[in-house]
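Submitted below is the structure of interest, expressed as structure tokens.
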Protein chains: 2
Amino acid sequence: MAKRKAISIKDVARESQASLTTVSLVLNRRARRISQATKDRVQETADRLGYRPSRLAQGLQAQRAGFLGILVPEIKHAFADVYFGEIISAIHDHASEVGWKIILEVAHPDYIQAGQHVELFDRHFIDGLLCLGVTDKDAFMRDFEDQARTVVVVNNYLPDCELDHVICDYRRAGRLAGRHLLDLGHRKIGLIRGASEVQTTWDLQRGLNEELAAHDGSLPDAQVEDGLYTEEGGAAAAIALLERNADLTAILAGNDKMAIGAISSLKQAGHRVPDDISVIGCDDLHQGAFCDPPLTTIHTPIYEVGQRACRVLLELIEGKVESARETLPVSLTVRKSTSPRKDADTGT
Amino acid sequence: MAKRKAISIKDVARESQASLTTVSLVLNRRARRISQATKDRVQETADRLGYRPSRLAQGLQAQRAGFLGILVPEIKHAFADVYFGEIISAIHDHASEVGWKIILEVAHPDYIQAGQHVELFDRHFIDGLLCLGVTDKDAFMRDFEDQARTVVVVNNYLPDCELDHVICDYRRAGRLAGRHLLDLGHRKIGLIRGASEVQTTWDLQRGLNEELAAHDGSLPDAQVEDGLYTEEGGAAAAIALLERNADLTAILAGNDKMAIGAISSLKQAGHRVPDDISVIGCDDLHQGAFCDPPLTTIHTPIYEVGQRACRVLLELIEGKVESARETLPVSLTVRKSTSPRKDADTGT
DNA sequence: TAACCTTAGTAAAAGGTTTTACTAGTAGCT
DNA sequence: AGCTACTAGTAAAACCTTTTACTAAGGTTA
């Protein structure tokens, strides 16, 4: 119980017969005007006493928190989401490498209502914030357009918004997926989008559309369904798509979770994957390799996105850069959930 | 750029013609000796100026950080792990409800080597720490036996160790799984453990053993294999078990990830699940419901474990309690990955 | 010798809050 | 008038660092 009092710089000063100033200078390697003898004496005393500077006092003095925040949307058990988790890992890894700590926040409606997202900055909890899973509907993001609140949006962006961001090339993801399915002979393709209030899902749709159009195909609205980025949503969306389009032979899902949900419900409904219908995801989550069948997907470098976003945020905080937008390349990962169309008239 | 200076309590004092003390007392509702008129004037001024107290100054004064830490083991992309993620969500939810923030730390060897886990406390980064995924090999945990460093071990415990913990009843989990498989007619059962340096995995084994013994069965070493809690490990362990015991008809895996890996490799090797071999997991992760076949598993209330652990930690910090150990009950969730033994001589 | 420079170091302010101990003024009582 | 009791409020210390501006002592130069 007896929380023995922590030793402060004062204790070191008294014990080493030097002034506060001298101790501080020595310990921060800023002691150009101090004799070697004194330096040694101070350092030895600090080591012996086990002195550790209080970061509260340091932060107060320097007027900086030394923390970065990560804001995730309010979904059930947000941190149990593999996609967010991967980004959080990336941010943590980069941040801790350069001596920053990270705190976790969830954009619960009450939280926003109370203005806590703003207090994060105003009360010196953090020096910068990374926003994950942001959608067009998150009006509170406008509060971050204030210069004093440094924010980077991770793997999405907002329309008509000055906030910096780092994203994957979802338009190219759409094209790659479309190309892959076209190459396999598929012509009638369904799209399970995330949600219409997410800009990158439109990019994906645009990319798929462009690729189809280049081969005289198209993507009518009836072949598009929102799956809300969840397994359940993907499962329902796949069934809905097939009900409206019995002759669909392939589906692109906006993320791997929806693809896995889709495969699950398709199999349950008696369709074989990929023999009757091919499914391609987008993310390349680890678990995709352990599905049955293992999931073909567009690899999006979300770990790198997290790292870059963190780096960019730090550059903004340190004033090294005024603003930054980055787009990272994607690639195709072929496994077993896609195959050539069975009754293909692969002609031309 | 121009970070306009934040307004401090001093500004409110000047602007409202009151002293620092008065402002502080009013704003903290401790102003029993202040006239209503002054209270109103101060409050109004504070609101008008948008005053927000600096938590660095508050923390310095109160000698507390206001943060809790979460320490996870160094595995690749630790936060992308659904199991840890669920616990982190639980901790976050409880902590933020009662006004605490949480920071994330990874027990990287260099990190431990540098003593950063201890600095967390000594430099006032946190007031308490929750340790996830701890094993017997984590010698650094001994550093937390110091009274001044309040720690709770989450969902595991250490042998001969005074640290507080909250866990699930893994012994009972072993018994429930054993009972379920025995009821289905299985007699030769394999166990994929996590790792031998984890106490709870021994509890699970002990539970299974007890249940088998109660039915004149046993669990020879040849029927036990470590799967390191990963999909890959579970996949390899399942194959190894079958190679050593061709007549195995059921497998219990120490967590759902290993169960999913096991099912994947079993199917790849031509075994049908559950027709040829039943597989039961332990965790009840969300994704278990979307496997093929959907996973039968022991439901462990890890969300509740996280919440309880956080609550216990706060009680320890506030000195409301001296020490605490809790064990939470588990239950069986039956899905489709287990079925009656085909050639069962179910006779007693 | 006066003026200046260098070395080795320190006092004090600043950063923002909470809290303890105090004061000035008024009212009530004898 | 003298004493106590209360009201409304404040000055100053404490929490711990960093940094600016200063000093004392000794040495060098014109």
Side-chain angles (χ1 to χ4, degrees), chain A residues 3-43 45-46 49-66 99 119 121-125 127 148, chain B residues 3-43 45-46 49-66 99 119 121-125 127 148:
Chain A
K3 285 213 180 190
R4 52 173 179 16
K5 197 157 160 323
I7 21 127
S8 78
I9 200 170
K10 240 182 214 161
D11 303 308
V12 180
R14 187 176 2 83
E15 195 82 4
S16 68
Q17 316 268 44
S19 70
L20 289 194
T21 312
T22 305
V23 176
S24 176
L25 290 172
V26 170
L27 264 27
N28 291 306
R29 317 269 117 106
R30 217 151 283 159
R32 282 185 300 159
R33 301 268 153 85
I34 308 291
S35 71
Q36 193 59 45
T38 306
K39 279 192 210 170
D40 291 347
R41 187 160 37 83
V42 166
Q43 186 66 58
T45 311
L49 299 185
Y51 167 70
R52 296 275 160 243
S54 155
R55 68 154 259 292
L56 289 166
Q58 287 182 320
L60 178 59
Q61 157 68 29
Q63 288 294 83
R64 72 215 295 284
E119 293 211 335
F121 287 96
D122 295 359
R123 299 195 52 201
H124 291 288
F125 282 102
D127 300 315
Chain B
K3 286 212 182 191
R4 57 184 175 8
K5 195 157 160 325
I7 23 130
S8 79
I9 200 169
K10 242 181 213 160
D11 302 308
V12 179
R14 187 177 1 83
E15 196 82 5
S16 68
Q17 316 267 44
S19 71
L20 288 196
T21 313
T22 304
V23 175
S24 175
L25 290 171
V26 170
L27 263 28
N28 292 305
R29 314 270 117 105
R30 216 152 284 163
R32 282 185 302 156
R33 301 268 153 82
I34 307 291
S35 70
Q36 193 59 45
T38 307
K39 279 192 211 170
D40 291 349
R41 186 160 36 84
V42 167
Q43 187 66 60
T45 312
L49 299 184
Y51 166 69
R52 295 276 160 244
S54 155
R55 68 152 258 292
L56 290 167
Q58 288 181 320
L60 178 60
Q61 156 69 29
Q63 287 294 84
R64 72 214 297 283
E119 293 212 335
F121 287 96
D122 295 0
R123 299 195 53 201
H124 290 287
F125 282 103
D127 299 316

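Fair warning: this is a prediction, and the values are worked out from it, not measured in the lab.
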Give A/Arg55 one of three labels, base, sugar-phosphate or nothing, depending on what nucleic acid heavy atoms sit under 4.0 Å from its own.
->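 Here A/Arg55 touches no strand at all.
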When you measure from the side chain of B/Ser19, which nucleotide among C/dG16, C/dA8, D/dT10 comes out closest?
-> D/dT10
Nearest to side-chain heavy atoms of A/Tyr51, which nucleotide of C/dT17, D/dT10, D/dT17 =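 For the A/Tyr51 side chain, the nearest candidate turns out to be D/dT17.
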For A/Ser16, does its backbone N or O pair with a side-chain atom of A/Arg41 as donor and acceptor, under 3.5 Å?
->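 Between the backbone of A/Ser16 and the side chain of A/Arg41 there is a qualifying donor-acceptor contact (under 3.5 Å).
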Closest non-hydrogen atoms of A/Ile34 and A/Val26, given as atom of the first, atom of the second and distance, are CG2-CG2, 4.4 Å
Between B/Leu56 and A/Arg33, which has a closest nucleotide on DNA chain C that is more 5'?
->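 The answer here is A/Arg33.
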Within this structure, what is the CD-to-C1' distance between A/Gln17 and C/dT10, rounded to whole angstrom?
-> 15 Å
Out of C/dA11, D/dC15, C/dG15, whichever nucleotide has its closest atom nearest the side chain of A/Leu60 |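 Selected nucleotide: C/dG15.
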Spacing of A/Ile9 atom CD1 relative to D/dC15 atom C1', expressed in whole Å |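 So the two atoms are 14 Å apart, to the nearest Å.
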For C/dG15, does either OP1 or OP2 sit under 4.0 Å from a side-chain N or O belonging to B/Ser54?
-> no
Checking D/dA8, D/dT19, C/dG9 against the side chain of A/Ile34 (C-beta onward), the nearest is C/dG9
Is the shortest side-chain N/O distance from A/Gln36 to OP1 or OP2 of C/dA8 below 4.0 Å?
->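 False: A/Gln36 side-chain N/O out of range (4.0 Å or more) of C/dA8 OP1/OP2.
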Over all atoms of both residues, closest heavy-atom pair of A/Ala6 and A/Asp11 | O-OD2, 4.1 Å
Report the nucleotide, chosen from C/dT18, D/dA8, D/dT17, that has the shortest atom-to-atom distance to any side-chain atom of A/Pro53.
->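 Out of C/dT18, D/dA8, D/dT17, the nucleotide with an atom closest to A/Pro53's side chain is D/dT17.
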Under 4.0 Å: is that the gap between some side-chain N or O of A/Gln63 and OP1 or OP2 of C/dG16?
-> yes
May I ask you to say what A/Thr22 touches in the nucleic acid, namely base, sugar-phosphate or nothing, with a heavy-atom cut-off under 4.0 Å?
->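 Base contact - A/Thr22 has a heavy atom under 4.0 Å of at least one base atom.
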Spacing between A/Arg123 atom CZ and C/dT17 atom C1', to the nearest angstrom =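 Distance check: A/Arg123 CZ to C/dT17 C1' gives 11 Å.
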Nearest atoms (heavy-atom pairs only) where B/Val12 meets B/Thr45 | O-CG2, 4.0 Å
Tell me what B/Ser24 touches on the nucleic acid: a base, only sugar-phosphate, or nothing, going by heavy atoms under 4.0 Å.
->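 Base contact.
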Find the distance A/Lys39:NZ to C/dA8:C1' and express it as a whole number of Å.
-> 11 Å
Side chain of A/Ala57 only, please: which of D/dT17, D/dG9, C/dG16 is the nearest?
->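 Among D/dT17, D/dG9, C/dG16, the one nearest the side chain of A/Ala57 is D/dT17.
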Could you check which of D/dC16, D/dT10, D/dT19 has an atom nearest any side-chain atom of A/Leu25?
->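 Closest of the options to the side chain of A/Leu25: D/dT19.
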Over all atoms of both residues, closest heavy-atom pair of A/Arg64 and B/Leu56 |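 Residues A/Arg64 and B/Leu56, closest heavy atoms: O-CD1, 3.8 Å.
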Side chain B/Thr21 and base C/dT19 donor-acceptor under 3.5 Å = yes
Winner on side-chain proximity to B/Gln58, out of D/dT17, D/dT10, C/dT18, is C/dT18
Heavy-atom nearest pair, B/Ser8 first then B/Tyr51, reads C-CE1, 3.6 Å
Gap between atoms CG and P, on A/Leu20 and D/dT18 respectively (whole Å) | 10 Å
Nearest to side-chain heavy atoms of B/Gln61, which nucleotide of D/dT18, D/dA8, C/dG16 |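 Selected nucleotide (nearest to the side chain): C/dG16.
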Looking for any heavy atom pair under 4.0 Å, which part of the strands does B/Arg64 touch: base, sugar-phosphate only, or nothing?
-> nothing
Identify, between B/Arg32 and A/Arg30, the residue whose nearest nucleotide on DNA chain D lies closer to the 5' end.
->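 Its nearest nucleotide lies further toward 5', so the answer is B/Arg32.
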